[in-house]
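Below, read A as the first sequence line, B as the second, and so on, with proteins coming before strands; counting in each chain starts at 1. These values consider heavy atoms only, across backbone and side chains, with no hydrogens, waters or symmetry-generated copies.
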Amino acid sequence: MHERRVVDVAVTHARSVRRQPQAEFVFALRGRTITSVRRHGKFLFAELDGTDALVAHLRMSGQLRINAAADELLKHTHVVITLDNGEELRFVDPRTFGEMFVDKLDDDRPAALRSLGPDAMDSRLSAAGLHARLTAGRRVSTLKAALLDQRALAGVGNIYADEALFASSLHPKRLAASLQLDEARVLRSQLRRILKAAITARGTSFKDEGYVDAYGQLGGYSRRHKVYGRDGQPCPRCATPIEKSVIAQRGTHFCPTCQSIRDVLETPR
DNA sequence: CGATCTACCTGATGGC
DNA sequence: TGCCATCAGGTAGATC
């Protein structure tokens, strides 16, 4: 893969570039060469000549796509970055929760991402390290809330939090501070396994549209969900109906039988 | 300080 | 069929 130079930038929806003045964004990009493309947690970033980075977060409905210039513009295309081979990097985002910005690189990541915890797939994060991050300073928060806290661990969202907790036989409402080291060991390996498989399957797409890769391909991981979106259906392990309730302000799916309680804030249900 | 709540937004879905 | 209300998701910022 060749390095690509940015030859032009067009922002057609101001909200998609809201962290900085639009003109600053365009000026910081035009003429720069993309030297690598990386990820930290849910943020994607392209290094620009090794000093700045073009950062993107897709939130729920965003897509980053590579298109030929002649390809039809999808509805909700908010940013178009023209590359020196004539192709375009397009940011498409119906709900406009996603964003792009240019930021200074600070060591291994853009400065704005400094407050994020280590990436959940980072092999240097040990079980003891994960244990410390999920328990440290937490007085009353649940395991589910801790897993979703991007300052503790970056990259785990609602779907994969539920899947990892199920695979680890941990109740989402467990007090985070009650997590034992041996449980953190299991959680670490299940998180890594699930995220790896989800990435291989190009993630989770619902229905006929939504989450796609840079070439418009849908993700196939939802077929592998064991609990997410399966409330009322039998647990694949013990056949108890999967429950859904709101935990940490998020729809949360779990098996009340397989995911042991031991130590919860309140009795579920 | 940690924990919790709200705004942001639109397409899909469910009820009538 | 159509209309309307509700829901889903991640993060920043406000508030408790």
Side-chain angles (χ1 to χ4, degrees), chain A residues 11-20 39-45 55-64 74-79 91-101 103 109-117 119-120 132-165 172-179 191 195 198 202-212 216 218-219 221-222 225 227-232 242-254 264-266:
Chain A
V11 178
T12 49
H13 191 95
R15 184 170 149 76
S16 298
V17 180
R18 54 187 180 272
R19 285 207 196 201
Q20 67 200 137
R39 179 187 69 78
H40 188 98
K42 303 171 192 172
F43 288 84
L44 304 166
F45 60 97
V55 189
H57 195 307
L58 305 179
R59 295 297 211 281
M60 274 71 64
S61 62
Q63 307 176 4
L64 271 180
L74 283 181
K75 194 178 176 186
H76 305 299
T77 298
H78 302 323
V79 182
F91 182 67
V92 182
D93 186 15
R95 291 187 203 175
T96 72
F97 275 27
E99 61 168 331
M100 296 186 103
F101 57 97
D103 194 14
R109 66 182 94 161
L113 313 192
R114 206 68 263 171
S115 57
L116 295 177
D119 186 88
R133 293 198 152 263
L134 294 180
T135 57
R138 293 184 203 278
R139 306 180 60 82
V140 298
S141 69
T142 59
L143 206 40
K144 169 86 182 232
L147 267 181
L148 292 178
D149 182 352
Q150 303 296 300
R151 295 165 309 173
L153 184 69
V156 181
N158 200 39
I159 296 170
Y160 301 112
D162 284 4
E163 292 298 315
L165 288 170
K173 224 171 188 177
R174 270 274 296 276
L175 207 52
S178 75
L179 189 71
L191 267 174
L195 291 174
R202 300 182 315 281
T204 296
S205 305
F206 296 106
K207 300 285 173 287
D208 293 333
E209 51 184 341
Y211 189 75
V212 294
L218 291 171
Y221 194 72
S222 64
H225 291 174
V227 289
Y228 187 87
R230 299 190 72 253
D231 37 311
I242 298 300
E243 280 185 20
K244 179 181 181 185
S245 63
V246 175
I247 301 174
Q249 288 84 242
R250 291 281 167 252
T252 301
H253 312 70
F254 61 99
V264 292
L265 277 177
E266 331 155 29

For A:F91, give me all partners under ring pair (Phe, Tyr, Trp, His ring centres under 6.0 Å), at least two apart in sequence or on another chain.
none

Residues in ring pair (Phe, Tyr, Trp, His ring centres under 6.0 Å) contact with A:H78, at least two apart in sequence or another chain:
A:H13

Whether the side chain of A:R18 and the base of C:dA12 hold a donor-acceptor pair under 3.5 Å is what I'd like checked.
no

Between CG of A:L134 and P of B:dA3 the distance, given in whole Å, is 12 Å

Rounding to a whole Å, what distance do you find between A:R15:CZ and C:dA12:P?
12 Å

Kindly compute the distance separating NZ (A:K42) from CG (A:L58), expressed to the nearest 0.5 Å.
11.5 Å

Nucleotide nearest A:R59 when distance is taken to its side chain, options C:dT11, B:dC9, B:dG11
C:dT11

Expressed as a whole number of angstroms, how long is the span from A:F97:CZ to C:dC7:P?
15 Å

Short question: side chain of A:Q150, backbone of A:G117 - any donor-acceptor pair under 3.5 Å?
no

Pairs in or reaching into residues 133-142 of chain A: which pass salt bridge (Lys or Arg N to Asp or Glu O under 4.0 Å), with residues at least two apart or in two chains?
A:R138-A:D149

A:L116 atom CG is separated from C:dT11 atom C1', nearest whole Å, by 10 Å

On the nucleotide B:dG11, are OP1 or OP2 found under 4.0 Å from the side-chain N or O atoms that A:H76 carries?
yes

Approximate separation, where rounding is to 0.5 Å, of A:K173 NZ and A:K144 NZ:
12.0 Å

Between the protein and nucleotides 3-6 of chain C, list the N/O to N/O atom pairs that are separated by less than 3.5 angstrom.
none

Nearest whole angstrom, please: distance from the P of C:dA12 to the CD of A:E99.
7 Å

So which protein N/O to nucleotides 5-7 of chain B N/O distances come out below 3.5 Å?
{"from": "B:dC5", "atom 1": "OP2", "to": "A:Q249", "atom 2": "OE1", "distance (Å)": "2.9"}

B:dA3 C1' sits how many Å from A:I247 CD1, rounded?
16 Å

Among B:dA3, B:dT10, C:dT11, which nucleotide sits nearest the side chain of A:H57?
C:dT11

One should read off an interatomic distance between A:L165 CG and A:T252 OG1, to the nearest 0.5 angstrom, of 8.5 Å

Look at the side-chain N and O atoms of A:S61 and state whether any lies under 4.0 Å from the OP1 or OP2 oxygen of B:dT10.
no

Side chain of A:Q150 - closest among C:dG10, C:dA8, C:dT11:
C:dT11

Under the rule for side chain to side chain donor-acceptor pair (under 3.5 Å), what residues qualify as partners of A:E99, not counting sequence neighbours?
A:R19

Can you list everything that forms a ring pair (Phe, Tyr, Trp, His ring centres under 6.0 Å) with A:H76? Sequence neighbours excluded, please.
none

Among C:dA8, B:dA3, C:dT11, the one nearest any side-chain atom of A:K244 is C:dA8

Please pick, from C:dT11, B:dA3, B:dT10, the nucleotide with the shortest atom-to-atom distance to any side-chain atom of A:V140.
B:dA3

Terminal axes of the helix from B:dG2-C:dC16 to B:dC16-C:dG2 (5 end pairs apiece), angle rounded to 10 degrees, sit apart by 50°

To the nearest 0.5 Å, how far apart are CG in A:L116 and CZ in A:R151?
10.0 Å

With sequence neighbours excluded, residues passing side-chain contact (heavy atoms from CB on, under 4.5 Å) with A:T12:
none

Interatomic distance, CZ@A:R250 vs NZ@A:K244, rounded to 0.5 Å, equals 11.5 Å

For the pair made of CZ in A:F101 and P in C:dA12, what is the distance, rounded to whole Å?
9 Å

Only counting residues at least two apart or in another chain, list the ones meeting side-chain contact (heavy atoms from CB on, under 4.5 Å) with A:R39.
A:L44, A:D119, A:M121

Please tell me which of the listed nucleotides, C:dG10, C:dA12, B:dG11, lies nearest to the side chain of A:P94?
B:dG11

How is A:K144 classified with respect to the nucleic acid when contacts are heavy atoms under 4.0 Å: base, sugar-phosphate, or nothing?
nothing

How close do A:S61 and A:P94 get, heavy atom to heavy atom, and via which atoms?
O-CD, 3.3 Å

Could you list all N or O pairs between the protein and nucleotides 13-16 of chain C that sit under 3.5 Å apart?
none

Could you tell me the separation between the CG atom of A:D93 and the C1' atom of C:dG10, rounded to a whole number of Å?
12 Å

Counterpart residues, side-chain contact (heavy atoms from CB on, under 4.5 Å), relative to A:P110 (two or more places apart):
A:F45, A:A53, A:V55, A:D103, A:L105, A:L113

